[in-house]
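Letters A, B, ... are given to chains in the order of the sequence lines, protein chains preceding strands, and every chain is numbered from 1.
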Protein chains: 2
Amino acid sequence: MTTLSNTFAALGDPTRFAIVERLLQDGELPAGTLHSVSDLSAPAMSRHLKVLRSAGVVRQRVDKQRRLYSIDPNAMQAINDWAMSYPKFWAKSLDRLDAALKEDR
Amino acid sequence: MTTLSNTFAALGDPTRFAIVERLLQDGELPAGTLHSVSDLSAPAMSRHLKVLRSAGVVRQRVDKQRRLYSIDPNAMQAINDWAMSYPKFWAKSLDRLDAALKEDR
DNA sequence: TCTTTAATTCCACTTTTCGTTAATTAATGC
DNA sequence: GCATTAATTAACGAAAAGTGGAATTAAAGA
């Protein structure tokens, strides 16, 4: 079972957090692309992706000899649900969400 | 400066995550209460609180010889903002928020 | 089949984190 | 002033995480 604390631990490493932001921006990307942009070795990148995968933050899809990675929406959902689960802290969130929605119009 | 990755790192430890949940439930609590409930030594608890503090997750207030800890709402806000910042992942969140608000009526 | 490409696992090493006990700081109350 | 309470910092050892290079697996393509 993947706990939320586990999810946070995965996101707690700056390298992995950067990977996640990249995937949120660009959608699905192969491991190779992710590693070629950073100054990490391929093995290091591979291990980070493994951590993210076993924490349920990213998903892996196999296409020929490539591994395509993308964000698992459930993880984002879980974080959101948790951060929103204490009524005390809702008010501001609702205001901001509202503002963001208006901008989008 | 406190980065979000830093915040996640603080929450990534199961002990610290438990502390945060406790504070979200009960509001402000002294260090002593937090440590007496856990099976950790006082110094260990103190260091966890320090990590949470320097990550901006909790606040410390001094009252006589006690240190009272509470959640810093800005941290929850920051997590929320981040998890909500990618339009792709909004739809479900809005549904859930809506449902939660109805329940509250 | 043989070479190339993509990615992972294995191994040795270093750094960081976490926990305990002991010592320290600081405020309270007799 | 002196003992007590609350919490932190100091010192040290054990465990975990993170890294690069080498070896390995697996598919592609000439």
* Side-chain touch A:L68/A:Q60, heavy atoms, less than 4.5 angstrom -> no
* Asked: Do the non-hydrogen side-chain atoms of B:R53 and B:R59 ever get within less than 4.5 Å of each other?
  -> no
* To do: Fit a plane to each ring of B:F8 and A:F8, take the angle between them on a 0 to 90° scale, and name the class: parallel (under 30°), tilted (30 to 60°) or perpendicular (over 60°).
  => parallel
* Structure fact -> Test side chain to side chain contact (heavy atoms under 4.5 Å, CB included), reference A:V57, set A:V20, A:D72, A:N6, output is A:V20
* To do: Indicate whether any N or O donor in one side chain lies under 3.5 Å from an N or O acceptor in the other, for A:E21 and B:W82.
  => yes
* Going 5' to 3' along nucleotides 7-12 of chain C, which nucleotides have protein heavy atoms under 4.0 Å from the base (write B), which only from the sugar-phosphate (write S), and which from neither (write -)? -> SBBB--
* Taking 5' to 3' order, which nucleotide of DNA chain D is first and which is last to have an atom within less than 4.0 Å of a heavy atom in chain A? -> D:dG18 to D:dA28
Assigning hydrophobic clusters by single linkage (Ile, Leu, Val, Met, Phe, Trp, Tyr; side-chain heavy-atom cutoff under 4.5 Å), is [X] placed with [Y]?
X     : Y     : answer
B:L11 : B:V51 : no
B:L4  : A:V58 : yes
B:L40 : B:L49 : no

* Hey, which of these two, A:H48 or A:K64, hits DNA chain D nearer its 5' end, going by closest nucleotide? -> A:H48
* Structure fact -> Atom CG of B:N6 and atom P of C:dT17 are separated, to the nearest Å, by 10 Å
